[in-house]
Every structure is written in structure tokens, then in C-alpha cells.
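Everything below concerns the one structure shown next.
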2 protein chains.
Amino acid sequence: MTTKVVIVDDHFLLAQAIQELVNSFEGFETLYLCKNGKELLEKMKYPANVPDIILMDVNMPILNGIAATKIINETYPNVLVLALSVEVDEDIILGMLRAGAKGYLMKDTEKEQLQEALEQVIRDGYYHTNTIAKLLVGSLVKPKEGVQLKDRELEFIKHACTEMTYREIAEAMFLSPKTIEGYRDSLYEKLNIKNRIGLVLYAIRQKLFVP
Amino acid sequence: MTTKVVIVDDHFLLAQAIQELVNSFEGFETLYLCKNGKELLEKMKYPANVPDIILMDVNMPILNGIAATKIINETYPNVLVLALSVEVDEDIILGMLRAGAKGYLMKDTEKEQLQEALEQVIRDGYYHTNTIAKLLVGSLVKPKEGVQLKDRELEFIKHACTEMTYREIAEAMFLSPKTIEGYRDSLYEKLNIKNRIGLVLYAIRQKLFVP
DNA sequence: AGGGAAAGGGGTGAAAACCCCTTTTACAGG
DNA sequence: CCTGTAAAAGGGGTTTTCACCCCTTTCCCT
């Protein structure tokens, strides 16, 4: 019996291309392609459309890979999700794995490695390259220093990433300038930074603010 | 006679996949794949390896698409370069076109569109989607406000994107704090910004500084 | 030779940012 | 009801930044 694969990727050219690759592997066939997570979930409502393996892109519009994977894992625990991405961002990779992806393939993978991944994930239930394995270990060593930011602080940070003065930020947030200064000071403490530039850099690196 | 195509992309899986697509088109065949511009130029030293069309990724290590395209265009003016990228950054698209690319394909292109592009570039010498055409017009309308920054100013901007005070920046650049303030003030003027945050945002958006 | 950028340096006052510490307010839990 | 805690607001003093002025030196170009 052949293993049924579904490819979810908004880069349609890539999706079609991978489809041809997968179809060329013995014992594998592509059921259909999807452009995003939403489309995939719609399809999978019909039992005939539930595959064995989903090759899932991470960066997609509408319903991204992480969210989609999470839902898949809860709804169809027997479906194996393999992440497929150019993204090398640690947070994103870990996000996918936490969401229940059984492996993470870079898009510069060789043809043979894709086949290997598909076969291993069927056999063992997971597939991890050395790169990803190393990352996993790293994330255990450094447990992601859980600096907990409150809603109001996040809002403030976003404002701080503009040319507004603190007085203007205070007005925009309907607070006293002094309160804003309070937010700022406690953030400086928590995040171990010295001035507003540090705050902006933190925000950008944590993707709280997109420049 | 078949049209010979070469695919240059460090995402090897994608490259292989596109290869299979291209080979499935009537009248086209893939000569070989390359992982970057350097590899391509090495190959093309042998006349038998000079293709009719190059499908060129933009983001590559070692020798990127823009640089490679420029060299190809000077050395082999008869070779048609089609850019192939996920990149939607206006500067990069324009860079590729200025470097001599005959078209710019998004990686979410449909199979049929790729075939169309290959055929049209052979027939007419170019291929542009509506999206790209619109971009081209836009770039003519807004002639890229040529704010000319001097070396010393660029150096200062990079320092300004850190938690250093101006005094510290002055020390790092072996200048008087006053000179630094001079740079700052004239940049505020030139760039039409009000404070250091604006400068940081400008630097990031212009890719002078990568966070 | 002279005019004009470009680069480096300087002064001052006002505003903003920074830092520490207190008070008020509000509200949940014993 | 009282208490503890956390958000909000504030006071006051120091440093930094900002936004104006000003000057000299160097170097390039016609």
C-alpha cells in the first residue's frame, strides 16, 4: 500500500515540484496540494483526503505552519507532519516541533534526503537532521529566559519603536508620562538594557515590532 | 532544437524540483544545476556548458544573483537570465532587472506560468508579470530619493544602532563628541527624522544595519 | 589663486531621558 | 475588614540629547 502525501505550500511552483519528486519515490503518492493551512483543513474534513504525511511549509498566509500543525496534531493524531522551510530561525523551528511536527527539513535538502525523511518518518515516527538535533539540545541548555511581558508593556514597546516622545506615547496610551517612565524603567531592568535604543533592538529581535 | 536551461539555486530540493518541471516541458531540457553564482561561472567556462536560459535564484551564498547576473550579462550577452525568488523587496527586484535579468518570477508561480515565461523569453527576449511591470512604473515615478551618505556618516549610523551614548560613539570613532553631534544633526535634517529612534529605523529599513 | 564643499570642533539653553524613591489607588484573598 | 501586592502616578535631581548658533582646517576644482 502506498503512503499518501499532501504538500502544503503557498509557493506553488515549489509545491508542484516537490509533488513530482514525491511521486517519483517508490511507495509514495501525492494526494493533492494546498496553498495554506485553512485550505488543508477544509480538504481534510473528508476522510478520503486525510493523508499519511503532510509536508508543511512554515511561512504561509491565512493559517501558517505552526498553527496548522497544532490543529492537525490535535484533530488527526495519526497524521505525520514534516515541516519544510527556508526559515532557520530557532524560535520558528522550535515552534513547529512543539506544535507536533515530526521533523524539519530545510528547502535546500537533497532529493535523496527527502526520500529518506519520508521513509524514516513512516518507519520511526520522526526524522531529524543533525542540524536540528543540535538545535534541540541547545534549546534545552538555554531554557529561553522567560521574561514575562504584560499587555500594557508590549503596547508601550511598540510605541517606543517610533519617533514618538514618551509624552506622546503617554497621551496615545491614555496614561501619565510618569507611568510610561515607570514601564520604561522596569523594562530596562527586566531586559537588561540601558536605553531606548536597546529597547528597540530587543523589540525587533523578538519580532514584537517589524521595521 | 531544444532550449538548454540551467538552474542556479542553493535550495537544492527546489532546484531539483524545478529541473523536473523544466524537463517535462516540450522543447526544454536542463543541462545541470548550480548552488551559487561562482559554481555557475566555473561551469560556463566550457562552451558546451553555456545554456540558452539561466533560472537564477537571488539569495545565494558566495556569489548572489545580482552579482552573478551582472557578470553573465557582460560575458555572455546571448544568455537569457530569468530571476526566480521569494524576495518581494523592491530594491532587490530592481537590482536584478538592472543587472540584466530578462524577467522576475516569484517562487509561487504556477507550473504553466513557468512554461509561459520560458517560451516568451525565448520568443520576445523578456517576460514580465503584471506585478513586476507595476513595480517598474512605480520606480520611475519615485526616483529613489538619492540621499547620499558619506562613509563617516554610515559608520556613525551603525554605532547609533547600539546602546552606546554619543560620547562612547565619539570615542570609538576617534572623534570629538561635538563632531558626532554634528553628524547626527545633519542626518536628522537630511533624513527628515526627529530623534535617534528614527535614525535606527532608517538604518534598518535601508539595510545599513541588521538587527 | 580663490571659492566652496567637507570634515572637525565648540557653546548654550531647553527639552527629553534617565534614575531612584514615594504615594495613591485598586482590588483580590485570608 | 484588613492586608498585601501591583498598577498608576508623581517628585526631584542628574545626565543626555536636541537644536540652534558659531569657528577653523583641509582639500578639491575651476
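To find a chain, count down the sequence lines: A is the first, B the second, and so on, and within it residues start at 1. Values reported hereafter were calculated over all heavy atoms of this structure, with side chains retained and with hydrogens, waters and symmetry mates removed.
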What string of B, S and - do you get for nucleotides 11-27 of chain D 5' to 3' if you count protein non-hydrogen atoms under 4.0 Å? BB----SBBB-------
Using the salt bridge (Lys or Arg N to Asp or Glu O under 4.0 Å) rule, collect all pairs that involve residues 201-211 of chain B, keeping only residues at least two apart or in two chains.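 Passing the test, one end in residues 201-211 of chain B: B/D89-B/K207.
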Identify, with sequence neighbours excluded, every residue that meets side-chain contact (heavy atoms from CB on, under 4.5 Å) alongside [X].
| X | result |
| --- | --- |
| A/A170 | A/P177, A/I180 |
| B/T3 | B/F28, B/D52, B/I53, B/I122 |
| B/E163 | A/I193, A/K194, A/N195 |

If we ignore hydrogens and angles and just use 3.5 Å, is the side chain of A/T30 paired with the main-chain N or O of A/Y32 as donor and acceptor?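 A pair under 3.5 Å: no.
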Could you list the donor-acceptor pairs under 3.5 angstrom formed by side chains in residues 61-82 of chain A, with sequence neighbours left out?
| residue | atom | partner | partner atom | Å |
| --- | --- | --- | --- | --- |
| A/N64 | OD1 | A/I66 | N | 2.9 |
| A/N64 | OD1 | A/A67 | N | 3.0 |
| A/T69 | OG1 | A/G65 | O | 2.6 |
| A/N73 | ND2 | A/G100 | O | 3.0 |
| A/T75 | OG1 | A/I71 | O | 2.6 |
| A/Y76 | OH | A/M44 | O | 3.1 |

Please report the distance, rounded to the nearest Å, between CG in A/L187 and C1' in C/dC18.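 About 14 Å, once rounded to whole Å.
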According to side-chain hydrogen bond (donor to acceptor under 3.5 Å, both in side chains), who are the partners of A/Y188, at least two apart in sequence or on a separate chain?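 For A/Y188 the side-chain hydrogen bond (donor to acceptor under 3.5 Å, both in side chains) partners, ignoring immediate neighbours, are A/Y166.
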Residues forming a side-chain hydrogen bond (donor to acceptor under 3.5 Å, both in side chains) with B/E155, sequence neighbours excluded: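 Applying side-chain hydrogen bond (donor to acceptor under 3.5 Å, both in side chains) to B/E155 gives B/R152.
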So what is the end-to-end bend of the helix from C/dA1-D/dT30 to C/dG30-D/dC1, with 5 pairs used at each end and the value given to 10 degrees?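 Roughly 30°, once rounded to the nearest ten degrees.
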So what does B/T179 hit on the nucleic acid, given a heavy-atom distance under 4.0 Å: a base, only sugar-phosphate, or nothing?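 Touches a base.
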